[in-house]
Amino acid sequence: MQSQFTVGISVEGRGDRIVVRAEDALIAALKVKAERPAATITYVRRLNRRGDQRHPPHRLADNR
């Protein structure tokens, strides 16, 4: 079963968040790293619907 994870990244000193569907946190981080190799992964956590509504994250291109 796939869950949604929020992956925090840093690219050239700018932070961002991306939502990824994956089986676990490691796979979510690897999916983001594969799409954005220059990014540094800062955190991975399960999607928090209430908190993420205030600050909506982006989605990976293949999950749209």
Side-chain angles (χ1 to χ4, degrees):
M1 182 174 143
Q2 290 190 344
S3 299
Q4 289 186 332
F5 292 89
T6 301
V7 180
I9 61 171
S10 177
V11 180
E12 297 178 2
R14 297 188 62 181
D16 202 2
R17 300 168 306 285
I18 299 175
V19 173
V20 180
R21 286 184 185 263
E23 291 79 20
D24 62 17
L26 178 59
I27 294 172
L30 291 173
K31 284 183 176 182
V32 171
K33 191 65 172 177
E35 184 173 302
R36 299 180 184 204
T40 302
I41 305 297
T42 55
Y43 65 88
V44 180
R45 63 173 170 77
R46 289 198 182 272
L47 184 65
N48 176 356
R49 297 215 182 262
R50 191 175 101 194
D52 291 334
Q53 284 179 347
R54 286 182 241 137
H55 306 284
H58 305 286
R59 297 193 181 275
L60 282 179
D62 61 349
N63 289 336
R64 289 183 186 171

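Residue numbers count from 1 along this sequence. Here the structure is a predicted model, which means the values were calculated and not measured.
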Would you check if Ile18 and Thr6 make a side-chain contact, meaning some heavy-atom pair closer than 4.5 Å?
no

Using only atom types and a distance under 3.5 Å, with no angle test, would you say the side chain of Thr42 pairs donor to acceptor with the backbone of Ser10?
no

Taking side-chain contact (heavy atoms from CB on, under 4.5 Å) as the test, write out the residues that go with Leu30, two or more places apart.
Leu26

In terms of heavy-atom contacts, Ala25 and Val44 come closest through CB-CG1, 3.5 Å

Going from CG on Leu47 to CZ on Arg17, what distance comes out if it is rounded to the nearest 0.5 angstrom?
11.5 Å

Give the minimum heavy-atom separation between Ala28 and Phe5, together with the two atoms involved.
CB-CB, 3.9 Å

Flag, side chain of Lys31 to backbone of Val20, donor-acceptor distance under 3.5 Å:
no

Residue pair Ile9 / Thr40, side-chain heavy-atom distance below 4.5 Å
no

Using 0.5 Å steps for rounding, measure from the CZ atom of Arg21 to the CD1 atom of Ile27.
14.5 Å

Among residues at least two apart in sequence or on other chains, which ones pass side-chain hydrogen bond (donor to acceptor under 3.5 Å, both in side chains) with Ser3?
Arg46

